[in-house]
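Heads up: the structure comes next, in structure tokens.
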Amino acid sequence: MAGKLYLCATPIGNLEDITYRVLKTLKEVDLIAAEDTRNSIKLLNHFEIKTPMTSYHEYNKIEKSYQIVEKIKQGQNIALISDAGTPSISDPGEELVRICYEEGVEVTSLPGPAACITALTISGLQTRRFAFEAFLPRDKKERLDILKDLERETRTIILYEAPHHLIRTLEDLWETLGNRRICVCRELTKRFEEKKLSTISDVLSFYKDNEPRGEYVLVIEGKSFDELKKEEQEIWQKMSIREHMAFYEQKGVGHKESMKLVAKDRGISKRDVYQSILTETT
Ligand code: SAM
């Protein structure tokens, strides 16, 4: 009988955050695939877990995924852990899960700590709708593209950042998003946990005077619907109704549907759109 892959979330700082089910599973499986075995041995020693480990990381993930899948097909149960938190969340794991599905191998996830959710819950910002962006790309163009997208994002935004990149990221956020509210969460669940709910420019000047240290999650307020609507209105008002129609029709939207959308965007009736098209063309 085939075994199973268990995605096991481990603490992001405080070792007491490990779940009973993860502890039991790590003790019972045949093998633990760990992102960094030298790091994870500390966790296993702390909980007196003697299960053998193998490494599964960014640079061997494809080849290793097939080896792991083969072992599971032969009947082994295997747990995947990352250095901290939930595997697959900004950590290797995604490929292994995908390959398990392709190969018909069962996967289950044992929930537990994830820095993004921990930060969101204590951010003091809206939690109902959020967008997790993980680390912003280092590549200039990719980074700019993502930042441009984020500028219009109405959901609360969650980012991960390393201390040596924090100031640059705060500067980029300030330039693209403006002076939004932000909660900077540092060293979550650890002894020196800190939360700073303020504005981007405030935290930027703080960190220019106080060198960033430790692990950070940034939770940023999304754009308000009112502001987004106002900006859109300004764009539409700069266009003639015919240009506005062309905007949709060039995207492949049918004539009737484009009229509906234009009417909605401008807060006027379809009849007004129709009339204006006639007047503009004559
Ligand atoms: N898989 C992890 C999770 O579930 O959150 C994330 C791994 S990612 C490689 C590491 C990043 O997560 C860090 O650079 C930091 O941004 C964030 N992080 C992890 N632990 C944290 C903590 N205790 N406090 C604040 N941020 C943390």
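Numbering of ligands and ligand atoms starts at 1, following listing order. These numbers were taken from a predicted model, which means no experiment stands behind them.
When Thr118, Asp83, Ile12, Ile89 are ranked by how near their heavy atoms come to atom 6 (C) of ligand 1, first place goes to Ile89. Nearest-residue assignment for atom 4 (O) of ligand 1 (options Thr86, Leu188, Leu166; heavy-atom criterion): Thr86.
In terms of protein heavy atoms, atom 5 (O) of ligand 1 is closest to Tyr160 OH, 2.6 Å. Atom 26 (N) of ligand 1 has as its closest protein heavy atom Val217 CG2, 3.3 Å. Annotation: atom 18 (N) of ligand 1 to nearest protein heavy atom, Ala115 CB, 3.5 Å. Looking only at protein heavy atoms, the nearest one to atom 7 (C) of ligand 1 is Asp91 OD2, 3.3 Å. Of the protein's non-hydrogen atoms, the one nearest atom 13 (C) of ligand 1 is Glu215 OE2, 3.4 Å.
Phe247 and His244 have perpendicular rings, their planes meeting at more than 60° on a 0 to 90° scale where under 30° would count as parallel. Ring planes of Tyr207 and Tyr216: perpendicular class, angle over 60° (limits at 30 and 60°).
The proximity of Tyr216 to ligand 1, defined as any non-hydrogen pair under 4.0 Å, is limited to the backbone.
Taking every non-hydrogen atom of Ala84 and a distance limit under 4.0 Å, the qualifying atoms of ligand 1 come out as 1 (N), 2 (C). The distance from ligand 1 to the heavy atoms of Lys190 drops below 4.0 Å at these ligand atoms: 23 (N). Counting atoms of ligand 1 from 1 in the listed order, those under 4.0 Å from a heavy atom of Ser90 are 7 (C), 8 (S), 9 (C).
Residue-environment remark: CZ (Arg129) exceeds the threshold of 12 foreign heavy atoms within 6.0 Å. Around atom CD of Gln237, more than 12 heavy atoms belonging to other residues, nucleotides or ligands sit under 6.0 Å away.
The CG atom of Leu31 lies 10.5 Å from the CD atom of Gln67; values are rounded to the nearest 0.5 Å.
For Ser269 and Asp272, the side-chain atoms include at least one donor-acceptor pair closer than 3.5 Å. Between the side chains of Glu95 and Ser65, no donor-acceptor pair is found at a separation under 3.5 Å.
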Please report, to 0.1 Å, the donor-acceptor pairs under 3.5 Å made by any side chain of residues 17-26, with sequence neighbours excluded.
| unit_1 | atom_1 | unit_2 | atom_2 | d |
| --- | --- | --- | --- | --- |
| Thr19 | OG1 | Val22 | N | 3.0 |
| Thr25 | OG1 | Arg21 | O | 2.7 |

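Residue contacts with ligand 1: Arg186 is placed with no nitrogen or oxygen under 3.5 Å of a nitrogen or oxygen of the ligand (distance criterion only). Backbone and side-chain nitrogen or oxygen atoms of Ser82 are examined, and none is located within less than 3.5 angstrom of a nitrogen or oxygen of ligand 1. Of the polar atoms of Phe135, none of the N or O atoms is found under 3.5 Å from an N or O of ligand 1, judged by distance alone.
Shown here are the ring-ring contact (aromatic ring centres under 6.0 Å, His included) partners of Tyr6, two or more places apart in sequence or in another chain: there are none.
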